[in-house]
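Before any comments, here is the structure.
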Amino acid sequence: MPADRLFKDDATEEKGERARMSSFVGAMAIADLVKTTLGPKGMDKILQSSGRGRSITVTNDGATILKSLHIDNPAAKVLVDISKVQDDEVGDGTTSVVVLCGELLREAEKLVNAKIHPMTIISGFRMAAECALNALLKRVMDNRENSEKFKEDLMKIAMTTLSSKILSQDKEHFATLAVDAVMRLKGSTNLESIQIIKKPGGSLKDSFLDEGFILDKKIGIGQPKRIENANILVANTAMDTDKVKIYGARVRVDSMARVAEIEGAEKGKMKEKVEKIIGHGINCFINRQLIYNYPEELFADAGILAIEHADFEGIERLALVTGGEIASTFDNPESVKLGHCKLIEEIMIGEDKLIHFSGVEMGQACTIVLRGASFHVLDEAERSLHDALCVLSQTVVDSRVLLGGGWPEMVMAKEVDVLARKTPGKRSHAIEAFSRALQAIPTTIADNAGLDSAELISQLRAEHHKEESNAGIDVITGAVGDMEKLGISEAFKVKQNVLLSATEAAEMILRVDEIITCAPRKREDRM
């Protein structure tokens, strides 16, 4: 049996050189796609969906762009995955990790063409990555002991993260919001208790941080608009059982009086349920489902604030924040955990009325209200702010900080170069290639800002050969600047993740020497 008949008819396989080329080309194409979004002067992309409504997204967040692409190339999918993991893990550096991995593969391709075995390249990359990480560890700063300085570090990190996003014009304002919100978490990385509400209108500058929780609902008619020391019952239950719910049921009656009796029985059933709920000693009832007119009237008579149809995310977060649990049966009041807060009142944001819960049980809860010209601006602002919050919450746990602006890459490249000169054999070529790939990040930052990258990078390299240099690229003046004076900082965890993820992904793609594509399943004719 000939070897080519091993697979089904439509299955394809690419071997050796062709498989490797296909992987390299796919991965480099993805890296080139997001390369232009890197750095403070990076550009945005518009993503248009092919579904109904042709919704568009305007973004320069690497992970968001790559998530929206439908890709056929297997190696390119690896890059999409690492950027997604980077987004979930640390929130920032999603573009850097893809650009670095793409550059490593570009260098590896030259080495493979020079007849160096992929395994030799991989072992060289491994040595280089370890050396680069040690170079960073020597130069980290940690101001955890000094809370004033640590807060300054957090502000700098937030401003650096936001400077490449849509919020860069008001980065000080938003950095303050993000740092305040994260400081309230007291070291937790759970961002659930920070709620972000988007309200179109006003400008981005009008965004603010509010202590407590805001629910995007209106208060019902005839109900108290303000409650102090609230006991809240959060529920997910049907409050419309004043209708016969047996589908297809037919009830025959011989007079109108009997119809009234049935209606009376249903009302009685509903009243009983409402009385059970009131029996919990509450003054605020929030339900995930609708509350019909009759029960709403009963709640209003009892002086209880009833809020219906609160969205599920809102209700889960509200239960978490007020310290209650979502209930669906009301027979045992002692087993239901009520939520508490000091004050519930109605507030206005722009044109909309919302309900504000302040003095909640979970002290770290807060709400960031974003204002902006349109939904697209608000969506992008939310993504940018979320990145900043993720990075800050990780930095509170791991407080090591580095300078930014291409400084860490140059520090790593210098150490890796030294290692390459000491290492005998073919591996030294791979280590040297690693150092060139690291320099691609400052090069791209300079290119995106329309600067002469060759000139700047050679100046940077010369600066870094002096001892303890703080030089990096200052894109505002278009020259080499002192990153410490400019206050450009990055979290160590972000850089560490970028370095390790990019190296591992490049290594994985380098190991490939055959790509087998499955035959598509044929639809059977049912005729």
Checklist line | Where at least one partner belongs to residues 289-301, residue pairs that pass salt bridge (Lys or Arg N to Asp or Glu O under 4.0 Å), sequence neighbours excluded | finding: none
Below 4.0 angstrom, N of the basic side chain to O of the carboxylate: do [X] and [Y] qualify?
X	Y	value
Asp142	Arg400	no
Asp32	Lys35	yes
Glu345	Lys225	no
Lys495	Glu490	yes
Arg184	Glu211	yes
Lys273	Glu275	no
Glu272	Lys269	no
Arg258	Glu261	yes

So which atom in [X] and which in [Y] form the shortest heavy-atom distance, rounded to 0.1 Å?
X	Y	answer
Ile326	Ala319	CG1-CB, 4.0 Å
Gly281	Asn231	O-ND2, 3.4 Å
Ala158	Val179	CB-CG2, 4.3 Å
Leu79	Ala31	CD2-N, 4.5 Å
Ser501	Gln86	OG-OE1, 4.2 Å
Ser83	Val98	CB-CG2, 3.6 Å

Item checked: Val391 and Ile157: CA distance, side-chain angles, deciding distance, side-chain contact (heavy atoms from CB on, under 4.5 Å) verdict -> CA-CA 8 Å; Val391 174; Ile157 288 174; 3.6 Å; yes
Within a radius of less than 6.0 Å around [atom1] of [X], do more than 12 heavy atoms belonging to other residues, nucleotides or ligands occur?
X	atom1	result
Met256	CE	no
Glu145	CD	no
His340	NE2	yes
Lys84	NZ	no
Gln169	CD	no
Phe375	CZ	no

Checklist line | Lys493/Asp398 under salt bridge (Lys or Arg N to Asp or Glu O under 4.0 Å): CA gap, chis, key distance, verdict | finding: CA-CA 7 Å; Lys493 189 150 189 207; Asp398 180 349; 5.9 Å; no
Note to self: Run Ile441 and Leu38 through side-chain contact (heavy atoms from CB on, under 4.5 Å) and show every step you take.
What the structure shows: CA-CA 8 Å; Ile441 288 189; Leu38 190 70; 4.2 Å; yes
Indicate yes or no: at least one non-hydrogen side-chain atom of [X] is less than 4.5 angstrom from one of [Y].
X	Y	value
Met43	Asn60	no
Glu228	Lys342	no
Ile82	Cys101	yes

What is the distance from atom [atom1] of [X] to atom [atom2] of [Y], rounded to the nearest 0.5 Å?
X	Y	atom1	atom2	answer
Leu403	Ser489	CG	OG	5.5 Å
Lys67	Ile65	NZ	CD1	11.5 Å
Ser23	Ile515	OG	CD1	4.0 Å

Note to self: Going by salt bridge (Lys or Arg N to Asp or Glu O under 4.0 Å), name the residues that satisfy it together with Lys276, two or more places apart in sequence or in a different chain.
What the structure shows: Asp331
Notebook entry, point to check: Who pairs with Phe357 by ring-ring contact (aromatic ring centres under 6.0 Å, His included), at least two apart in sequence or on another chain?
Noted result: none
Next item on the list: Give the C-alpha distance, both sets of side-chain angles, the deciding distance and a yes or no for side-chain contact (heavy atoms from CB on, under 4.5 Å) between Glu382 and Leu370.
Entry: CA-CA 8 Å; Glu382 182 187 19; Leu370 290 177; 4.1 Å; yes
Margin query: For Tyr294, does the six-membered ring have the charged nitrogen or CZ of Lys267 within the cation-pi criterion, i.e. under 6.0 angstrom from the centroid and within 45° of the normal?
Written below: yes
